[in-house]
Amino acid sequence: MKKDDHLFLIDGSGFIFRAFHALPPLTRKSDGLPVGAVSGFCNMLWKLLTQARDTSVGVTPTHLAVIFDYSSKTFRKEIYPEYKAQRPPPPEELVPQFALIREATRAFNLPCIEMEGFEADDIIATYAKMAVAAGGDATIISSDKDLMQLVGPNVHMYDGMKDRQIGVDEVVAKWGVPPEKMIDLQALTGDSIDNVPGVPGIGPKTAATLLEQFGDLDTLLEQAETIKQNKRRENIIANRDLVKISRQLVTLKQDCPVETPLDALKLEDQDGPKLVAFLKAMEFNSLTRRVAEATGAEAAEIEPAKVDAEWGSDTHGPDMETGGEDTAKEASADTGGGNTPADLAKARAARFAALPINREAYETIRDIDALNAWIAEARDRGLCAFDTETTSLDAMQAELVGFSLALYDEDEKDDGQAIRAAYIPLTHKAGQDDLLGGGLAEGQIDFDTALAALKGLLEDESVLKIAQNLKYDYLVMLRHGITVKNFDDTMLLSYALDSGMGGHGMDALSEKWLGHQPIPFKEVAGSGRNMVTFDHVDITKATAYAAEDADVTMRLWLVLKPRLPAEHVTTVYERLERPLVPVLSRMEERGISVDRQILSRLSGELAQKAAGLEEEIYQLADEKFNIGSPKQLGEILFGKMGLPGGKKTKSGQWSTSVQVLDDLAAEGHPLPSKIVEWRQMTKLKSTYTDALPGYIHPDTKRVHTSYSLAATSTGRLASSEPNLQNIPVRTAEGRKIRTAFIANPGHKLLSADYSQIELRVLAHVADIAQLKQAFADGIDIHAMTASEMFGVPVEGMPGEVRRRAKAINFGIIYGISAFGLANQLGIERSEAGDYIKRYFERFPGIRDYMEATKAAARDNGYVETIFGRRIHYPEIKSSNHQVRSFNERAAINAPIQGSAADIIRRAMVRIEPELQAAGLAETTKMLLQVHDELIFEVEDGDVDKAQTLIVDVMENASMPAVSMAVPLKVDARAAHNWDEAH
DNA sequence: CCCCAACCGTA
DNA sequence: GTACGGTTGGGGG
């Protein structure tokens, strides 16, 4: 190296972490290998080299090296064992990428340098000094403040991500001291991330002022007695020795015994084919194309390189030694030495289950500085768990009372400090139940101030927020103008992984995975009459409860997240679960208009009809009784009146179901049909016309349902409070309820529903020629089934024949049994059995599919939808015939119902971006989902355009993941109310 | 006050 | 025969 030569030193390790956190969290190769950081690294290198070789702009490197950390065992640990002792391990997805990034560096024909016992920063310092000594310049590609001490007339820094030069002036502007004082400044402030001790209460601003005043650190320490501020003076004097150690820790070693001489770092020409081969192996298609173009390599003729990196194959990365060794050790203890993703995930689960929870260590954060410090740490670590505490389970009514955070520190695990959690109370009230007070409790951060800080964290794309049942917190934050970005939801992780294996609530998951029972809510807030809202809970108790929630959530994430790739459900989670959180939150927030007057009028009508029927019933029974009591009704019908009782219920009571009552009515008894009619009236009244108005939100005047993403085993949503997925439609009387669901003035309700989606899915998965043909031709599927089975032509087919075929088609979807079909059609078991036999003769493919599905459920313990969603049946091998048969039917139904559910989920995820792109997002709002139907509220002028777009998105929702063998058909209609639109 | 059974609304 | 949630009555603690 000679005068005017220019050495570029790339801080590889620093870059890996920035690339990892700045990019979408999970970029993967087709085999599931995470490569997001590799991709970021390659793109950055290519950009840098392209610019660097362009002599028309800026500086041109003559020499270049990429420097990595080797391990955490450096000479600094000798000086101060606590140094970097609380670093978290790198994220699981990052681990396999360390080796790949070194390979990438070599593929770029660049020297890749690392040394045992030294940090990348020391090597960088050494080479920078060597370059300057040789008369050249050095540019460090990094934005790490630890490197800023090296900046000088001939040493610069460059932040590649922000495209920003960092020279002497920039250092002074940012830190208030010139580069040569950076060591003194860092020694004073310390560094909580690397565990460098400093002086408590001294941050960068104070440190800069002190250094300005005293000139340098030694003078400051000598004359510390002269500092005016009492606290500051005492702290500095008390920590003199520690500060000296800190200075040693932050001072970069400029004389590492580097093996590679400076001249060997000379920048070589690009080896086009070699680089293209590597990029192809990584499946970085656009970069491959660009590199091929620039280097003249023929991409099509180059074979992808053999890249040998798998999960856990090479864990060389900064601070990996402890974590890596432990993981391997536990893997061998638990799984016989396996190193597959599943083994690693298992080992990890065992590790966190064994980690004690320490409620005593939870902090209560009461001032903004402490909160900001926690948020800063969350940023540095790139992830945190988060939970809100409010006054209500209803996210639309809930008022924020406080929130909690949890952070993860790998190396503290032995004493139960691996995870730190804190509660930040915001609006807890002082005293209890006092009429005078109602004021805020002492020691809480100002609400708006805290919320602004929280907003910064939650909206920060580079920090992963982990929550349990995030949709709740997401909606609460949305109502405060905060949009959570970059998140995971432990409930949804569990759902994607373990659907069918029990509930996904936090208490159940904590018990299952951590063997830990969190403090029950009722122990904190009471229950029933004595329950208080969370703002009346004592802050100390609230801290224990709330911080524990964040703590447990973090642990669950650590256990569950690594299982995703190991069990091949990453795509299910990322495409079908997680993206629904914002979509459903917005739907819930919008709500739907319900006309009180209509409901009130209907309620009156129903009351009258029910009262009339009541009179008649008492007359016929010759006494008054509670018609709503099946027990009393049974006694009247089958005891007193002596009607022939048919079925009995499980508990030995006479059954009074519609089935039984209808049969009695058919025999000519007048009372049973009155009962059936009375039940219908009272059901409509109590469940709908009387209950719905109570759900009208006081502020929005609309009804906001709540959707559960993890309530069903199959992937369907569930709606509650109120359930808007079971609004009546089958009877004329019931449909009147739907006329109360209305669009705002100037708008229409648009309903779009999939036609026969489950039978279409069946035709696809079971690959049935006749069914596929029928759907392709658009003919009546039930009539086709009847025609095949009974040899009756479709033209002029009797209604009863078609009805039976329809029941059979539904039966197939439900995992048919002769018993069930007989019940449904009111025929003998043997006759139903004959139908089924005949059906399978005409459609043998269906029988094959059903047998194959049962076999798969037995062999694997689960079945899958066409998009890979898994539904587990742990009891499929039960020796109890009833239990086993039930599981078999459910296993047959799940791929069909679940695939249909996946399809509409995909449509829901896509619709809003598509509306946005078409300029319809402001006028077209998705409000409700009813399994195969979506309901929108659309401005009159855009109804036609919106309808076309929505139908198109829904009909193509399976693409490109699955190309269906039958077309999906969507019917849509718009009207002022839901009844007419449906 | 809590939980369960029975019943019934939807796809 | 599949998948849900809500209301009511009624029993037990």
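Contacts of A/Ser713 with the nucleic acid, taken as non-hydrogen atoms under 4.0 Å apart, involve only primed sugar atoms and P, OP1 or OP2. Residue A/Ala891 is out of contact with every strand shown, counting any heavy-atom pair closer than 4.0 Å. Using a 4.0 Å heavy-atom cutoff across all strands shown, A/Gly628 reaches sugar-phosphate atoms only and no base atom. Counting non-hydrogen atoms under 4.0 angstrom, A/Ile813 reaches nothing in the nucleic acid. Residue contacts for A/Ala818: at a heavy-atom cut-off of 4.0 Å it reaches no nucleic acid atom on any strand shown. Contact annotation for A/Ala711: backbone-only contact, meaning every heavy-atom pair under 4.0 Å involves sugar-phosphate atoms and none involves a base. Within 4.0 Å of A/Ser719, counting heavy atoms only, lie sugar-phosphate atoms of the nucleic acid but no base atom.
Rounded to an integer number of Å, the gap from A/Leu724 CG to C/dC4 C1' is 14 Å. In this structure, the CG atom of A/Leu633 is 11 Å from the P atom of C/dG10, given to the nearest Å. Atom OH of A/Tyr707 is separated from atom P of C/dC4 by 17 Å (rounded to the nearest Å). Straight-line distance from the CD1 atom of A/Ile904 to the P atom of C/dC4: 17 Å, rounded to whole Å. Going from atom CD of A/Gln632 over to atom P of C/dT8 covers 16 Å, rounded to whole Å. The interatomic distance linking A/Tyr849 (OH) with C/dT2 (C1') rounds to 12 Å, in whole Å. Rounded to an integer number of Å, the gap from A/Gln929 CD to C/dC4 P is 14 Å.
Using a 4.0 Å cut-off between charged side-chain N and carboxylate O, A/Glu677 and A/Lys609 make no salt bridge. Salt-bridge formation is not detected for the pair A/Glu614/A/Lys624: no Lys NZ or Arg NE/NH1/NH2 atom is positioned less than 4.0 Å from an Asp or Glu carboxylate oxygen.
Proximity of A/Asn626 to the phosphate of C/dT8: no side-chain N or O atom is located under 4.0 Å from OP1 or OP2. Distances shorter than 4.0 Å separate none of the side-chain N or O atoms of A/Ser720 from OP1 or OP2 on C/dC4. Proximity of A/Ser629 to the phosphate of C/dT8: no side-chain N or O atom is located under 4.0 Å from OP1 or OP2.
Under the ring-ring contact (aromatic ring centres under 6.0 Å, His included) criterion, A/Phe638 pairs with A/Trp654, not counting sequence neighbours. Under the rule for a side-chain contact (heavy atoms from CB on, under 4.5 Å), the partners of A/Glu721 that lie at least two apart in sequence or sit in another chain are A/Tyr695. For A/His782, the side chain to side chain donor-acceptor pair (under 3.5 Å) partners are A/Asn809, not counting sequence neighbours. With sequence neighbours excluded, the residues forming a side chain to side chain donor-acceptor pair (under 3.5 Å) with A/Arg590 are A/Glu912, listed by chain and number. Listed by chain and number, the residues in a side-chain contact (heavy atoms from CB on, under 4.5 Å) with A/Ser651 are A/Thr649, A/Gln653 (sequence neighbours excluded). Applying the ring-ring contact (aromatic ring centres under 6.0 Å, His included) rule to A/Phe534 yields the partners A/His428, A/Tyr545; only residues at least two apart in sequence or on another chain are considered. Shown here are the ring-ring contact (aromatic ring centres under 6.0 Å, His included) partners of A/Tyr849, two or more places apart in sequence or in another chain: there are none.
The salt bridge (Lys or Arg N to Asp or Glu O under 4.0 Å) analysis of residues 811-824 of chain A, with sequence neighbours excluded, yields no pairs. Residues in residues 750-763 of chain A take part in these side chain to side chain donor-acceptor pair (under 3.5 Å) pairs, two or more places apart or across chains: A/Arg716-A/Glu758, A/Ser751-A/Glu933.
Sorted by residue number, the members of residues 869-890 of chain A with any non-hydrogen atom under 4.0 Å from DNA chain C read A/Phe886, A/Arg889, A/Ala890.
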Exercise for the section: Quick one, give me the B/S/- string for nucleotides 4-11 of chain B, reading 5' to 3', where B means a protein heavy atom under 4.0 Å from the base and S means that only happens at the primed atoms, P, OP1 or OP2. Expected result: -SSSBBBB
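With rounding to the nearest 0.5 angstrom, the CZ atom of A/Arg738 is 11.0 Å from the CG atom of A/Leu749.
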Practice task
Let me have DNA chain C in dot-bracket notation, would you? Count Watson-Crick plus G-U wobble pairs, both distances under 3.5 Å, and use [ ] for pairs crossing earlier ones and | for inter-strand partners.
Solution key: .|||||||||||.
